[in-house]
Amino acid sequence: MRLYNTLTRRLEELPPPPGPIRMYVCGPTVYARAHVGNARPFVLGTWLRSWLRRRGYDVTFVHNITDINDKIYKAAPGASADLAERATQWYLEDTDDLGLGRPDHLPRATETVPQIVRFISELVERGFAYDVEGDVYFRVARYPEYGQLSGQRPDRLLDEDEEPNPLKEDPRDFALWKANKPDEDTWWDSPWGRGRPGWHIECSVMAEELLGPVFEIHGGGLDLVFPHHENELAQSRALGHDFARIWTHNGMLRFTGAKMGKSEGNVVTIRDALDRWGREALLLYFMTGHWSKPIDFSDDTMEQAAAQLATFRDALLLDAQADVDESELDTALAEDFNTPDALAILHRWRAAGANAQLRRGLELFGISAALPSAPAGVVELAEEREAARAARDFERADRLRESIGAEGWEVRDVEGGFQLVPR
RNA sequence: GGCGCCGUGGCCGAGAGGUUAGGCAGAGGCCUGCAAAGCCUCGUACAGCGGUUCGAAUCCGCUCGGCGCCUCCA
């Protein structure tokens with residue numbers, strides 16, 4: 001199994017089964033309903049887990065909930081904890097409805113504060129951090145490797161336009177701990193006074209708490225490479241921890257086509273996508289693009305995914321029992337988890353009539369392609385149509401087919417009866 | 001300006017020096033009372049310009065175009 005590693009900029013071999021494979025995928029900051037783009041790393045993480053397990057790996061999948069953040073304070077003045085809790089529940093509901101199961105651990109920043117404080121204290125003791133007026137900052141100058149993940153050169157990271165924070169020794173330094181401000185309604189006690197963790201530290205700590213100081217995979221959106229992941233790496237390596245070996249960064253979703261969303265964010269929530277297209281079409285959509293590349297989310301691309309799903313469903317209605325070499329799929333996935341290639345293979349199996357393997361292959365990605373059964377009223381119409389056909393009253397039969405169509409179903413005449421398919 | 005990614009047939013999208021990717025949409029046909037599904041047939045594409053090579057969509061250079069990040073966005 002090889003995966004593209006942002007840190008080394010090449011494909012990297014995973015240890016052989018059973019591993020272990022310890023995987024941390026950055027989860028959401030909970031301040032609003034998550035959008036489809038947020039689903040991509042989650043989907044990828046659960047897919048990877050199930051496939052690796054099938055290959056005999058011992059996998060632990062950690063996915064965090066960042067429930068302490070500036071954005072939350074800003075979005076819900078005076079009620080940030082409440083919003084964070086609500087948005088956490090939304091996220092769990094939305095990702096549950098993707099039907100891929102839950103990560104093995106869903107740590108929350110608010111439940112990790114003592115460990116975070118300990119971690120920061122150690123950084124301070126070792127000179128990698130300093131406190132000023134209740135804030136604690138990471139001393140970038142003390143960590144010469146800074147920039148290795150994102151390819152940024154430390155000396156080029158100075159932004160002249162930015163008003164420098166006078167508390168920082170160096171404008172590149174970033175906050176590990178922030179003193180409580182009057183409009184922030186949650187806080188924790190610490191050696192530096194009342195405050196709360198900065199943005200990046202919670203991930204270093206939660207990952208190491210659950211996976212240890214060295215683990216195999218760290219994932220997340222490409223937009224997190226800098227500064228978020230760069231900073232995580234710096235904090236942990238500063239303490240001598242290897243931290244993540246392979247960094248996987250998934251490409252962004254591009255929202256094109258019809259404008260959705262409000263003022264500027266033309267985004268679609270996971271919920272909306274689920275309601276409109278169904279979870280299986282959505283999952284199939286995610287398969288159509290390689291995880292490391294951007295994909296367009298549009299009516300057009302979703303319709304194409306839905307059409308592919310229908311094709312698979314139709315094929316599985318047939319009683320086909322051909323046999324194919326199932327390892328072909330594993331070969332595709334073993335090479336950087338190439339789902340578009342995997343999808344092409346599944347289509348070949350479909351065309352070959354290898355339904356058992358096709359079903360197993362789809363299930364790996366959480367797609368059961370099972371047909372819902374038609375409501376009784378629709379079944380009745382179909383039975384009436386059968387009777388009309390038997391009586392060779394085709395005009396009536398065609399009218400009944402139209403009525404069935406109006407209910408959102410399609411009748412097909414098959415050997416010895418009919419079949420009802422939603423459309 | 002800095003770091004990086006990408007441009008493949010109407011659309012989506014693998015591949016990566018010489019061999020059919022696959023799908024969606026479309027056309028014709030078989031089947032069907034008519035359909036649907038299924039099956040058969042049909043597309044010789046790799047942004048442009050140079051170069052390397054016996055041979056390039058695949059390597060090199062330049063140009064054009066799109067995108068991400070550059071302190072809180074998955």
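Note that the coordinates shown come from a computational prediction; the quantities given were computed from them, not determined experimentally.
- Side-chain N/O atoms of A/Arg389 and base N/O atoms of B/rG33 include a donor-acceptor pair closer than 3.5 Å.
- Evaluated for a salt bridge (charged side-chain N to carboxylate O under 4.0 Å, His left out) with A/Asp97, the options A/Arg279, A/Arg271, A/Arg102 yield exactly one hit, A/Arg271.
- The side chain of A/His290 approaches B/rA14 more closely than any other nucleotide in the set B/rA74, B/rA14, B/rC34.
- With hydrogens and angles left out, the side chain of A/Lys74 and the base of B/rC72 share no donor-acceptor pair within 3.5 Å.
- Looking at A/Arg401, its side chain comes within 3.5 Å of the base of B/rC34 through a donor and an acceptor atom.
- As a whole-Å value, the separation of A/Tyr24 OH from B/rA74 C1' is 13 Å.
- For the pair A/His105 (side chain) and A/Val62 (backbone), a donor-acceptor distance under 3.5 Å is absent.
- Aromatic pair A/Tyr285/A/Phe297: ring centres closer than 6.0 Å.
- Although no hydrogens or angles enter the test, the distance criterion places a donor-acceptor pair under 3.5 Å between the side chain of A/Tyr73 and the main chain of A/Thr186.
- Residue A/Lys71 places at least one side-chain N or O closer than 4.0 Å to OP1 or OP2 of B/rC73.
- Picking from B/rA21, B/rC72, B/rC6 the nucleotide with the shortest atom distance to the side chain of A/Asp341 gives B/rA21.
- At the phosphate of B/rC72, neither OP1 nor OP2 sits under 4.0 Å from any side-chain N or O atom of A/Thr29.
- Taking 3.5 Å as the limit, the base of B/rG38 and the side chain of A/Asp314 contain no donor-acceptor pair of atoms between them.
- Relative to the side chain of A/Gln308, the nucleotides B/rG23, B/rC12, B/rU71 differ in distance, and B/rG23 lies closest.
- In this model, the phosphate group of B/rG38 is not approached by any side-chain N or O of A/Arg412 to a distance below 4.0 Å at OP1 or OP2.
- Contact of A/Asp413 with B/rC34 (side chain to base): a donor-acceptor pair of N or O atoms is detected under 3.5 Å.
- Helical stems involving RNA chain B, defined as 3 or more consecutive Watson-Crick or G-U pairs under 3.5 Å, span B:1-7 with B:64-70, B:10-12 with B:22-24, B:26-30 with B:38-42, B:47-51 with B:59-63.
- Note on A/Asn338: a side-chain N or O is less than 4.0 Å away from OP1 or OP2 of B/rG15.
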